[in-house]
Amino acid sequence: MKKSHELKEGQKAPAFALRDDTGKEVKLADFKGRKVVLYFYPKDDTSGCTRQACELNDGLAEIQKDGAVVIGVSPDAVETHQKFKTKYKLKFSLLSDESKSVLGKYGVWKEKSMYGRKYMGVERTTLILDQSGRISKIFRKVKVEGHCDSVRKALREL
């Protein structure tokens with residue numbers, strides 16, 4: 001796998017095509033002309049990731065009023081995404097990046113450390129993309145609580 005890139009606000013978001021929770025291929029280009037909340041998270045059905053997904057799901061109607069679509073990306077398999085989405089009645093797409101190629105392109109596949117043990121994993125990150133596919137805001141090392149409010153504020157400023 002290639003080394004992670006460090007993306008910057010104002011640059012074009014890297015193109016990708018990944019399978020969603022139904023197995024259908026989804027391309028970033030499918031959302032041209034719309035604002036996109038693209039969030040990368042470590043793992044389905046874990047406490048922080050579940051809270052984050054549920055908070056975004058609860059705020060989805062407001063996010064949509066702000067003219068945006070929400071897309072979650074993790075290295076979990078399509079089947080795992082299906083179970084997670086069904087269990088929590090999530091109303092947005094979850095994309096599977098088992099190869100971690102998109103995670104690398106977006107600079108979120110990083111060395112992490114827990115209890116002194118180093119390992120590779122997803123750094124919880126959210127990007128707000130404008131209608132032309134440019135990155136207007138990057139939230140790195142996202143703290144879950146209140147994150148949806150920060151996302152909505154960024155969308156309104158677009």
Side-chain angles (χ1 to χ4, degrees), residues 1-22 24-44 46 48-76 81 84-85 88-112 120-158:
M1 205 202 78
K2 288 196 300 203
K3 183 183 174 316
S4 281
H5 301 337
E6 199 62 38
L7 296 178
K8 307 242 181 307
E9 291 177 2
Q11 79 181 79
K12 195 109 173 110
F16 65 77
L18 292 171
R19 302 246 168 246
D20 72 5
D21 45 85
T22 68
K24 185 179 127 236
E25 186 178 81
V26 174
K27 295 183 180 102
L28 182 58
D30 297 342
F31 302 98
K32 193 165 174 53
R34 296 179 74 185
K35 298 178 202 172
V36 177
V37 175
L38 184 62
Y39 84 98
F40 295 92
Y41 66 101
K43 189 156 182 52
D44 288 338
T46 55
C49 297
T50 298
R51 279 198 323 273
Q52 182 178 23
C54 290
E55 187 179 296
L56 286 167
N57 201 51
D58 291 346
L60 189 61
E62 294 300 315
I63 289 169
Q64 289 169 335
K65 274 187 207 161
D66 294 331
V69 60
V70 173
I71 304 168
V73 181
S74 88
D76 289 311
H81 281 335
F84 183 51
K85 188 171 176 174
Y88 294 101
K89 298 178 176 62
L90 303 177
K91 299 181 207 88
F92 51 82
S93 291
L94 299 175
L95 306 183
S96 174
D97 186 17
E98 289 183 274
S99 73
K100 301 165 189 75
S101 61
V102 174
L103 299 173
K105 271 190 204 179
Y106 277 80
V108 299
W109 185 248
K110 304 221 169 169
E111 185 175 78
K112 297 168 88 174
M120 294 301 288
V122 176
E123 182 177 274
R124 193 181 305 278
T125 305
T126 301
L127 289 85
I128 308 291
L129 310 181
D130 69 14
Q131 294 91 328
S132 68
R134 292 209 170 278
I135 301 166
S136 70
K137 181 81 177 151
I138 301 175
F139 297 94
R140 299 187 198 282
K141 296 184 181 178
V142 168
K143 299 288 175 253
V144 173
E145 301 308 316
H147 181 56
C148 189
D149 292 336
S150 302
V151 165
R152 293 212 42 240
K153 184 175 185 288
L155 285 169
R156 286 190 301 268
E157 291 169 358
L158 254 184

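Nothing here was measured: the structure is a model prediction, and the numbers come from that model. Side chains are part of it too, since the values below use all heavy atoms of this structure and drop only hydrogens, waters and symmetry mates.
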Practice prompt. Could you please spell out the steps behind the side chain to side chain contact (heavy atoms under 4.5 Å, CB included) verdict for Ile71 and Phe92?
Written response: CA-CA 6 Å; Ile71 304 168; Phe92 51 82; over 6 Å; no
Discussion item. Side chain to side chain contact (heavy atoms under 4.5 Å, CB included), that's the test. Do Arg124 and Gln52 meet it? Break it down for me.
Written reply: CA-CA 10 Å; Arg124 193 181 305 278; Gln52 182 178 23; 2.7 Å; yes
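Of the options Lys24, Glu98, Glu25, a side chain to side chain contact (heavy atoms under 4.5 Å, CB included) to Arg19 is made by Glu25 and by none of the others.
Heavy-atom minimum distance, Ser93 versus Asp21: CA-OD2, 3.5 Å. Of all non-hydrogen atoms in Leu7 and Ile138, the two that sit nearest each other are O-CD1, 3.6 Å. In plain terms, the two heavy atoms of Leu28 and Ala13 that are nearest each other are CD2-CB, 3.8 Å.
Contact annotation: the side chain of Leu127 never approaches that of Phe139 to less than 4.5 Å [non-hydrogen atoms, C-beta and beyond]. The side-chain heavy atoms of Pro42 and Cys49, taken from C-beta on, include a pair separated by under 4.5 Å. The closest side-chain heavy-atom distance from Tyr39 to Leu56 is below 4.5 Å.
With hydrogens and angles ignored, the 3.5 Å screen pairs no side-chain donor or acceptor of Lys100 with any backbone N or O of Pro75. Panel note: side chain Lys105, backbone Phe16; no donor-acceptor pair is recorded below 3.5 Å. Side chain of Lys137 to backbone of Leu158: no donor-acceptor contact under 3.5 angstrom is found. Judged by distance alone, with hydrogens and angles left aside, the side-chain atoms of Tyr106 form a donor-acceptor pair with the main-chain N or O of Pro14 at under 3.5 Å. Remark: the backbone N or O of Leu94 is not paired with any side-chain donor or acceptor of Asp20 at under 3.5 angstrom. Asp97 places no side-chain N or O within donor-acceptor distance of the main-chain N or O of Val73, the cut-off being under 3.5 Å. The backbone N or O of Ile128 sits less than 3.5 Å from a side-chain atom of Ser136, completing a donor-acceptor pair.
Residues that satisfy the salt bridge (charged side-chain N to carboxylate O under 4.0 Å, His left out) test with Glu123, not counting sequence neighbours, are Lys110. Partners of Arg140 under the salt bridge (charged side-chain N to carboxylate O under 4.0 Å, His left out) rule, at least two apart in sequence or in another chain, are Glu6. For Asp76, the salt bridge (charged side-chain N to carboxylate O under 4.0 Å, His left out) test picks out Lys43, with sequence neighbours left out. Scored by the salt bridge (charged side-chain N to carboxylate O under 4.0 Å, His left out) test, Glu157 finds Lys153 as partners (sequence neighbours excluded).
Taking the six-membered ring where the residue is Trp, Tyr41 and His81 present tilted rings, their angle falling between 30° and 60°.
Interatomic distance, Leu103 CG to Ser74 OG, rounded to the nearest 0.5 Å: 8.0 Å. Taken to the nearest 0.5 Å, the OH atom of Tyr88 stands 10.0 Å off from the CG atom of Asp44. Rounding to the nearest 0.5 Å places CZ of Arg134 at 6.0 Å from NZ of Lys12.
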Please report, to 0.1 Å, the donor-acceptor pairs under 3.5 Å made by any side chain of residues 142-151, with sequence neighbours excluded.
| residue | atom | partner | partner atom | Å |
| --- | --- | --- | --- | --- |
| Glu145 | OE2 | Arg51 | NE | 2.8 |
| His147 | NE2 | Thr126 | OG1 | 2.8 |

Would you list the atom pairs, donor with acceptor, under 3.5 Å between side chains in residues 29-37 and any protein atom, with sequence neighbours excluded?
| residue | atom | partner | partner atom | Å |
| --- | --- | --- | --- | --- |
| Asp30 | OD2 | Lys27 | N | 2.9 |
| Lys35 | NZ | Asp66 | O | 2.9 |
| Lys35 | NZ | Leu155 | O | 3.4 |

